[in-house]
Amino acid sequence: MARTFYLTTPIYYVNAPPHLGHAYTTIMADTMCLYRRLAGDLAYFLTGTDEHGDNIARAAATGGQTPQAYADRISGAFRETWQRLGISHDDFIRTTEERHKRIVQAILQKLYDAGELYFGEYGGNYCFGCERYYTDKELVDGKCPDHQTPPTFIKEQNYFFRMSRYQEWLVRYIQERPDFIRPERYRNEILAFLRTPLEDLCISRPKSRLQWGIPLPFDANFVTYVWFDALINYVSALGGPGAETFETFWPHVQHLIGKDILKPHAAYWPPMLKAAGLPVYQHLNVHGYWTVNGQKMSKSLGNIAEPLPMQEKYGEAFRYFLLRESVFGLDSDFSEEALVARLNADLANDLGNLVSRVTTLLVNFAKGAVPRPGPETARESEVRASLEKARGEVHDAMEEFAFQRALIAIWELIGVLNRYVDSTAPWVLAKEAAKRERLDTVLYTLGESLRCLAILLAAFLPITSERIRQALGLAGTPISLDDLAWGKLPPGIRVLKASALFPRVMSAVETGSSGERAGARASTQRSGAQPRISLEEFAKVDLRVAEVVAADRVEKSKKLLKLTVRVGAETRTLVAGIAEHYDPAALVGKKVVVVANLESATLMGVISEGMVLAAVEGSHLALVILDRDIPPGAKVR
Ligand code: ME8
């Protein structure tokens, strides 16, 4: 049944241009909304910019601009970045827009009239960077934990929101709803925070100190505190209570935020909504933080990763990396090298090769038109079952914002399809006229699988998905998850060879060290009689770390062991001629190196999907085993 869905990103401060962290949140929100739309749901996606407050006013002054001109410029940079990243938001709200100010003032007036606000004096430690007061307990060694600067003691008269009266209600609200704040670690964090008294929230700043804000409707001497103003964007963008868009989407609102802004969203926002008589949001989805090369991104370190140059250099691999490399809720590390490794392994190798192999087979052996399939065998049923499995796993993962799990499930399917090509060997079938029908079934199964794969990929890699569909002659047609029903690829449709979707990229390490390698080689005595090969030729061998999870003797064979190994998320069977050298039980848990892209072979009735590396000298044999820990699936080069 179609569902309604409203997803928001934080509105980003305009005191600095967009960086990797902003792109991460926005790309996740985009993927989620694209997926919901594919599922037939009505999904509304909001992003925007947060433009008031001291920080913005100061950044503008430093640049010699008025706050408005400055905000226009940086907000424009966010808008342009999302456009160039192909983000599909429905609205982009700016807190300097009239439509926003109007709703903020209406809510303030309502709270004031209802006695939810009071005027009082407060003296405390104020951090100008954070634009808020800190309690003694929150300070670390007497300093602001974010800015590492001592706060200034200020005493001033302001307006306060009676937030403390909502504490008990809020604790119960969170306790009764296990998935209100997720993942659970952030729910626990907030419940722990709420064990100490929740203080009233100071919601104004005197105009004598700050002019760049929304004036309080009931006192012209004050402007609204920037967080109180900002949170309301989620409501004002829909037009506020009574507006049609608001009535349609507000009951289904979910927020997506980074862990840095958990407190305002989990502790301030629900009481604000409750006091204003508005329903509280459905879910707060909290993600972790990215570091860059192991360090916090900062201007002073000069390590701020910008999304557009990454996108220009690596295309959709950038988006793929952010979604694939992070576990939702946990911190992750970004490096160009890790991105390149993923690009080469997952996109160029696994996905790119599959698409190029399948389309080439269709062009070469079916004259470029999808053939009509003959009867299916168990192998085709296996492919279909794998597709259904991937579909189910993607669905479950997306319920929890587990983008990584969804992609792992899709890549398992890609693995199955690559092995199906290997094991059915269409190029062999093509040699015998009597096998034409079987060949047609295999080719149809491959074409149809690619069509379905493109649908599964559409939310994660929209451009790549469209390119696959283009190769299958299906470009531009609307798609939905319902189209995953098997058999929708019409026989006769024209197929084009898909050029490399993701050309392999040499990593900085590869390119930087190739000269050294060549030098080392030249001065070393060559020990083998093999002709020299280029780096590119070597790169064709996909060597991976694999963990042995089970090892058994192959029946009736003295020499062979059947190994079950884990390579990344995938489990494979390998047959190795090492039974005379190793006790099977002793191999379990060992990390070995395997050739992962070797054509499969059947040995004594067991299909072997790869080869384990071993050194052999006469009757001696030693497996190549890693000398330190690294996860299975890691590339060996
Ligand atoms: O806090 N890793 O705006 P902001 C992951 N205006 N995500 C990151 C990140 C990183 N290193 N750095 C930033 C504000 N983000 C307020 C929000 S909402 C009513 C007001 C992302 O520009 C992440 O989504 O500092 C984080 O929550 C947000 O940017 C903070 O953006």
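Every number for a ligand or one of its atoms is a count from 1 in the order of the listing.
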Under a 3.5 Å threshold, yes or no: a donor from one side chain and an acceptor from the other, between [X] and [Y]?
X	Y	result
Arg79	Thr49	no
Thr291	Asp333	yes
Tyr12	Asp50	no
Asn293	Asn303	no
Tyr314	Glu336	yes

At what distance is the nearest protein heavy atom to [atom], and which residue and atom is it?
atom	result
atom 29 (O) of ligand 1	His22 CD2, 3.4 Å
atom 31 (O) of ligand 1	Tyr12 CD2, 3.6 Å
atom 1 (O) of ligand 1	Ile261 CG2, 3.4 Å
atom 17 (C) of ligand 1	Ile11 O, 3.2 Å
atom 14 (C) of ligand 1	Tyr13 CE1, 3.4 Å

Closest to [atom] among [options] (heavy-atom distance):
atom	options	value
atom 23 (C) of ligand 1	Leu231, Thr26, Thr25	Thr25
atom 5 (C) of ligand 1	Ala305, Gly288, Gly258	Gly288
atom 8 (C) of ligand 1	Ala230, Gly21, Ser332, Ala16	Gly21
atom 26 (C) of ligand 1	Val286, Leu262, Ile257, Asp260	Asp260

Would one find an N or O of [X], backbone or side chain, under 3.5 Å from an N or O of ligand 1?
X	answer
Trp290	yes
Tyr24	no
Lys259	no

If you count the atoms of ligand 1 from 1 in the order shown, which ones are under 4.0 Å from a heavy atom of [X]?
X	value
Asp50	6 (N), 16 (C), 20 (C)
Met297	11 (N)
Tyr234	18 (S), 19 (C)

Inset, instruction - Give a yes/no on ligand 1: does His19 have at least one heavy atom closer than 4.0 angstrom to it? - result: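 Judged by the 4.0 Å heavy-atom criterion, His19 does count as contacting ligand 1.
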Inset, instruction - Please work out whether any backbone atom (N, CA, C, O) or any side-chain heavy atom from C-beta onward of His287 is under 4.0 Å from ligand 1, and answer side chain, backbone, both or neither. - result: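 Under 4.0 Å from ligand 1, His287 contributes side-chain atoms alone.
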Inset, instruction - Indicate the ring-plane relationship of Phe222 and Tyr159, choosing parallel, tilted or perpendicular according to the 30° and 60° boundaries. - result: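 Rings of Phe222 and Tyr159: perpendicular, over 60°.
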Legend entry - N-O pairing of Arg205 and Asp219 below 4.0 Å: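 Looking at Arg205 and Asp219, the cut-off is not met.
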Inset, instruction - Could you tell me whether Arg342 and Glu325 have a side-chain N and a carboxylate O separated by less than 4.0 Å? - result: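 Judged by the 4.0 Å cut-off on N to carboxylate O distance, Arg342 and Glu325 do form a salt bridge.
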Inset, instruction - Please say whether the positively charged group of Arg405, taken as NZ for Lys or CZ for Arg, lies over the ring of Phe403, i.e. under 6.0 angstrom from the six-membered ring centre and within 45 degrees of the axis. - result: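 Arg405 over Phe403 ring: no.
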Legend entry - Side-chain touch Gln254/Tyr281, heavy atoms, less than 4.5 angstrom: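 A side-chain contact is absent here, since even the closest heavy-atom pair is not under 4.5 Å.
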